[in-house]
J.: 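Here it is: the structure, laid out below.
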Amino acid sequence: MKLYNKIFVLATSALALTACVDLNTAPQGSLITTEQKKEVLNADPAKISAGVAGIASMFNQYMGGLGTGNGYHSDFGFGSIMLDTDCRGIDMLSPNVGYNWFSDACDLSDHVYSYGTTLMFWNDLYQQIYSANLVVAGIDPATEEPLSKFYLAQGLAMRAFDYFVLAQLYQFTYKGHENLPCVPLILDTNAQQCAEEGAARSSVQEVYDQIITDLDSAVELLADNPTVRDDKRYVDLATVYGIRARVNLVMQNWGDAASDAQAAIAASSATPLSQKEATGPGFNSSSLHNWMWAIVIAETDRVVTSGIVNWISHMGSFNYGYASVGGWKSCSIPLYSSINATDVRRTWWLDDSKSNKALSKEQMAFLTGMYKLREIPHLQTKFNSYNGVLNQSTNANDIPLMRIEEMYLIDAEATAMAGNPALGASKLEEFVKTYRDGKYACRASSAADVQEQVWLQRRIELWGEGLSYFDILRLEKGIDRRGIGYADIAPEWIFNVAPDDPYMIYCLPKSEIEGNPKLTDADNNAPGEAPKPVQE
């Protein structure tokens with residue numbers, strides 16, 4: 001069986017598990033075909049809601065990336081990609097111990113094409129793309145019915161988001177690499193052909209063109225649409241503007257990135273956390289007024305009932321999980337040191353004296369207790385436990401996919417890079433001074449310097465939210481871990497990797513190369529040589 005057929009089987013199974021019965025089975029319980037499904041959807045567009053819910057649920061699927069349920073405790077949907085890429089970078093530290101399921105990211109071995117991580121990411125994203133394609137294929141693109149337009153926008157926007165993530169994982173950044181091979185473009189229009197014949201890698205330009213096309217269509221479908229999303233697991237107009245702002249930032253379409261960020265702020269009901277609200281632990285619920293888009297998790301979800309196979313298990317310092325028993329996460333020394341003493345975000349980690357004035361006595365006692373987490377330099381205290389309950393294993397934290405604060409930072413950078421560095425610096429200063437640090441001043445004058453200052457603020461503000469490594473890639477920074485804090489806990493992970501080193505991006509999975517007749521080993525990304533540790 002070709003790999004594409006394998007992916008399609010996995011995706012169909014995932015959709016069947018997450019969608020309601022009337023969409024995936026006939027009244028007698030037998031499976032219906034895709035063509036029959038289209039007829040059902042066109043006859044009653046409301047029924048497509050199950051398919052849309054299926055797309056959203058794949059952000060949080062339990063051990064679905066490898067399709068085996070074989071015990072990969074780092075396999076829990078998009079949160080796995082967020083943690084893996086953050087651990088690959090320079091700002092999140094984690095020890096080399098058996099409880100660290102993301103050690104392959106820390107040592108960069110996840111790049112290798114035979115490694116499970118790259119297959120897991122590939123399958124997670126293409127499964128979701130397949131389900132999005134089903135939704136897109138089931139709705140007339142010329143429909144004027146508001147609910148159908150809303151659902152079509154969901155499929156297009158989430159497909160665009162997945163291809164955007166794939167493009168950044170499996171090829172170097174857009175600018176200067178437009179003609180390099182990226183990933184296969186499997187759409188609702190060619191899915192059957194790809195299943196039968198395989199699919200070659202499309203160019204970076206072709207993939208980004210499709211991403212922009214899908215997002216443009218989604219914006220048009222959601223503009224003036226009276227349909228209101230049930231919750232933040234679905235996109236709204238502001239979210240789509242936000243995704244497109246991210247894409248234009250990578251493409252260096254500076255004016256468009258600034259305009260989209262401004263449009264996202266204007267269209268969204270989200271507002272930044274105040275300085276008081278941003279002090280101390282939080283970031284655990286999609287109900288927070290600064291969240292635009294989220295992975296919404298219920299206590300009954302399998303990732304939660306597993307106890308430890310979930311995002312906050314590997315991230316959280318206040319709940320039971322891998323982070324509490326050894327796989328903790330902390331901030332790098334230079335990043336923490338760069339935060340002004342008057343900045344409320346210093347309370348997102350333990351300080352230099354291994355304390356935190358924003359924590360309660362109970363929280364400090366927990367960190368001092370049996371797990372001895374207080375001994376970890378700059379341990380993360382940004383992400384609170386579910387409902388703020390200490391040492392629990394009901395790890396039902398929602399996960400942020402997009403916050404309104406990011407839009408202010410995109411606007412500042414893109415405005416500066418579009419030719420107005422003074423205005424960009426002013427926007428950055430206004431945001432940080434208003435919401436995070438009343439004493440902050442941005443003294444950058446050139447566009448490049450403003451961009452550098454925005455990058456620093458993004459590293460602080462968005463720490464742990466799965467965006468840091470994509471910034472490293474788009475800004476071509478490389479991975480320089482000298483002096484960040486690994487000397488005492490994992491000196492073998494101190495690397496200095498050049499921005500163009502093959503190990504900066506992932507190889508396509510081995511099974512994809514073997515199962516796709518349109519690909520050979522020669523079509524894969526260069527394997528390169530494993531980075532060697534360097535001295536501090």
J.: Between Arg159 and Gln154, does the side chain to side chain donor-acceptor pair (under 3.5 Å) criterion hold? Intermediate values first, please.
T.: CA-CA 8 Å; Arg159 182 172 74 181; Gln154 302 302 307; over 6 Å; no
J.: Quick check: does any side chain N or O of Asn100 sit under 3.5 Å from a backbone N or O of Pro95, one acting as donor and the other as acceptor?
T.: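 It does hold such a pair.
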J.: Do Trp122 and Tyr170 have ring centroids that are under 6.0 Å from one another?
T.: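 Yes, the ring centres sit under 6.0 Å apart.
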J.: Quick one: closest heavy-atom pair of Leu473 and Thr173, and the distance?
T.: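 For Leu473 versus Thr173, the nearest heavy atoms are O-CB, 3.7 Å.
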J.: Report the C-alpha separation of Ser285 and Ser287 in whole Å, then their side-chain angles, then the decisive distance to 0.1 Å, and conclude whether the side chain to side chain donor-acceptor pair (under 3.5 Å) test is met.
T.: CA-CA 5 Å; Ser285 173; Ser287 66; 2.7 Å; yes
J.: If only atom types and distance count, is the side chain of Thr368 paired as donor or acceptor with the main-chain N or O of Met364 below 3.5 Å?
T.: yes
J.: Is it true that Arg436 and Glu277 make a salt bridge, defined as a side-chain N closer than 4.0 Å to a carboxylate O?
T.: no
J.: Who pairs with Tyr174 by side chain to side chain donor-acceptor pair (under 3.5 Å), at least two apart in sequence or on another chain?
T.: Gln205
J.: Does a donor on one side chain and an acceptor on the other come within less than 3.5 Å for Ser446 and Asp449?
T.: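 The answer is yes; a qualifying pair exists.
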J.: Residues in ring pair (Phe, Tyr, Trp, His ring centres under 6.0 Å) with Trp455, at least two apart?
T.: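 Listed in chain order: nothing, the list is empty.
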J.: With a 3.5 Å distance limit and no angle check, can you tell me whether Thr434 reaches the backbone of Glu430 through a side-chain donor-acceptor pair?
T.: yes
J.: Could you check, using the six-membered ring where one of them is a Trp, whether Tyr506 and Phe121 have ring centers closer than 6.0 angstrom?
T.: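 Between Tyr506 and Phe121, the centre distance is under 6.0 Å.
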J.: Specify whether His73 and Trp101 have parallel, tilted or perpendicular ring planes, treating 30° as the upper limit for parallel and 60° as the lower limit for perpendicular.
T.: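 Parallel, since the angle between the ring planes stays under 30°.
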J.: What pairs with His289 under ring pair (Phe, Tyr, Trp, His ring centres under 6.0 Å), at least two apart in sequence or on another chain?
T.: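 For His289 there are no ring pair (Phe, Tyr, Trp, His ring centres under 6.0 Å) partners, ignoring immediate neighbours.
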J.: Kindly indicate whether the side chain of Leu401, heavy atoms from C-beta on, has any atom under 4.5 Å from the side chain of Trp291.
T.: no
J.: Identify the heavy atoms of Gly316 and Ala323 that sit nearest to each other, and give their distance.
T.: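 That would be O-CB, 3.0 Å.
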J.: Aromatic contact between Phe161 and Phe78, with the criterion being ring centroids under 6.0 Å apart: yes or no?
T.: yes
J.: How are the rings of Phe76 and His314 set to each other: parallel, tilted or perpendicular (split at 30° and 60°)?
T.: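 Rings of Phe76 and His314: parallel, under 30°.
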J.: Look at Asp437 together with Lys439 and state whether they make a salt bridge at an N to O cut-off of under 4.0 Å.
T.: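 Salt bridge absent between Asp437 and Lys439.
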J.: Any donor-acceptor pair under 3.5 Å linking the side chain of Ser103 with the backbone of Cys106?
T.: no
J.: Is there side-chain contact between Ile265 and Tyr241, with heavy atoms separated by less than 4.5 Å?
T.: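 No; the side chains remain at least 4.5 Å from each other.
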J.: What's the shortest heavy-atom distance between Pro531 and Phe495, and which atoms?
T.: O-CE2, 3.5 Å
J.: With side chains defined as the heavy atoms from C-beta onward, is the minimum distance between Phe431 and Glu405 less than 4.5 Å?
T.: yes
J.: Holding to side chain to side chain donor-acceptor pair (under 3.5 Å), I want the full list of residues that pass it with Asn225, two or more places apart in sequence or in another chain.
T.: Thr227
J.: Given 3.5 Å as the limit, does a donor-acceptor pair link the side chain of Thr305 with the main chain of Thr300, or not?
T.: no
J.: So, Gln457 and Arg345: side-chain donor and acceptor under 3.5 Å apart, yes or no?
T.: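 Per modelled atom types, Gln457 and Arg345 side chains form a pair under 3.5 Å.
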J.: Between Asn319 and Ile312, is there a donor-acceptor pair closer than 3.5 Å when you use the side chain of the first and the backbone of the second?
T.: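 It does hold such a pair.
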J.: Determine whether the aromatic ring centres of residues Trp348 and Phe283 are separated by less than 6.0 angstrom.
T.: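 Yes; Trp348 has its ring centre under 6.0 Å from that of Phe283.
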J.: Which residues pass the salt bridge (charged side-chain N to carboxylate O under 4.0 Å, His left out) test with Asp216, sequence neighbours left out?
T.: Arg244
J.: Can you confirm whether Leu215 sits close enough to Val247 that some side-chain heavy atom of one is under 4.5 Å from a side-chain heavy atom of the other?
T.: yes
J.: Within a strict 4.5 Å, meaning less than it, do heavy atoms of the Glu413 and Leu249 side chains meet?
T.: yes
J.: For Asp236, what residues pass the salt bridge (charged side-chain N to carboxylate O under 4.0 Å, His left out) criterion, not counting sequence neighbours?
T.: Arg229
J.: Spell out, as yes or no, whether a donor-acceptor pair under 3.5 Å connects the side chain of Thr347 to the backbone of Val344.
T.: yes
J.: Salt bridge (Lys or Arg N to Asp or Glu O under 4.0 Å) for Glu461 and Lys382? Distances and angles first, verdict last.
T.: CA-CA 10 Å; Glu461 180 70 31; Lys382 176 180 179 179; over 6 Å; no
J.: With sequence neighbours left out, which residue pairs that include part of residues 81-109 fulfil the salt bridge (charged side-chain N to carboxylate O under 4.0 Å, His left out) condition?
T.: Arg88-Asp110, Asp91-Arg459
J.: Just by modelled atom types, is the Ala298 backbone N or O under 3.5 Å from a matching donor or acceptor in the Asp301 side chain?
T.: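 The answer is yes, because a donor-acceptor pair under 3.5 Å joins these two groups.
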J.: Taking the ring centre of each residue, are Phe383 and Trp311 less than 6.0 Å apart?
T.: yes
J.: For Met120 and Ser80, work out which heavy atoms get closest and say how close.
T.: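 Result for this residue pair: CE-CB, 4.3 Å.
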J.: Can you list everything that forms a ring pair (Phe, Tyr, Trp, His ring centres under 6.0 Å) with Tyr336? Sequence neighbours excluded, please.
T.: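 With sequence neighbours excluded, Tyr336 shows a ring pair (Phe, Tyr, Trp, His ring centres under 6.0 Å) to His378, given in chain and number order.
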J.: Could you please spell out the steps behind the side chain to side chain donor-acceptor pair (under 3.5 Å) verdict for Ser259 and Asp256?
T.: CA-CA 5 Å; Ser259 295; Asp256 290 339; 5.3 Å; no
J.: Taking all heavy atoms of Pro499 and all of Phe172, pick out the closest pair and write down the distance.
T.: O-CE2, 3.4 Å
J.: I need the full list of salt bridge (charged side-chain N to carboxylate O under 4.0 Å, His left out) pairs touching residues 302-324, with sequence neighbours left out, sorted by first then second residue.
T.: none
J.: Do Met292 and Ile243 come within less than 4.5 Å of each other through their side chains, counting heavy atoms only?
T.: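 No, every pair of side-chain atoms sits at 4.5 Å or beyond.
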J.: Would you call Asp351-Lys354 a salt bridge at under 4.0 Å N-O?
T.: no
J.: Could you tell me whether Glu220 atom CD has more than 12 heavy atoms of other residues or ligands within 6.0 Å of it?
T.: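 It does not: Glu220 CD has 12 such atoms or fewer within range.
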J.: Any donor-acceptor pair under 3.5 Å linking the side chain of Gln380 with the backbone of Ser330?
T.: no
J.: Taking the six-membered ring of Tyr440, is NZ or CZ of Lys433 closer than 6.0 Å to its centre and within 45° of its axis?
T.: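 Geometry flag: not set, cation outside 6.0 Å or 45°.
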J.: Applying salt bridge (charged side-chain N to carboxylate O under 4.0 Å, His left out), name anything that partners Asp398, two or more places apart in sequence or on another chain.
T.: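 Not a single residue meets the salt bridge (charged side-chain N to carboxylate O under 4.0 Å, His left out) criterion with Asp398.
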J.: Between Ile297 and Tyr386, is any pair of side-chain heavy atoms under 4.5 Å apart?
T.: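 No; the side chains remain at least 4.5 Å from each other.
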J.: Search all heavy atoms of Pro334 against all heavy atoms of Ile484 and return the closest pair with its distance.
T.: CD-CA, 3.6 Å
J.: Distance only, no hydrogens: is a donor on one side chain within 3.5 Å (strictly under) of an acceptor on the other, for Asn284 and Asn397?
T.: no
J.: Flag the pair Leu475 / Gln451 as yes when at least one side-chain heavy-atom distance between them is below 4.5 Å, and no otherwise.
T.: yes
J.: Can a donor-acceptor pair be found, under 3.5 Å and without considering hydrogens, that links the side chain of Asp488 to the backbone of Gly485?
T.: no
J.: Do other residues, nucleotides or ligands put more than 12 heavy atoms under 6.0 Å from Tyr99 OH?
T.: no
J.: Kindly write out the residues that satisfy side chain to side chain donor-acceptor pair (under 3.5 Å) with Asp124, not counting sequence neighbours, or none if the list is empty.
T.: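 Applying side chain to side chain donor-acceptor pair (under 3.5 Å) to Asp124 gives Gln61.
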J.: Check side chain to side chain donor-acceptor pair (under 3.5 Å) between Ser324 and all other residues, then give those that pass, not counting sequence neighbours.
T.: none
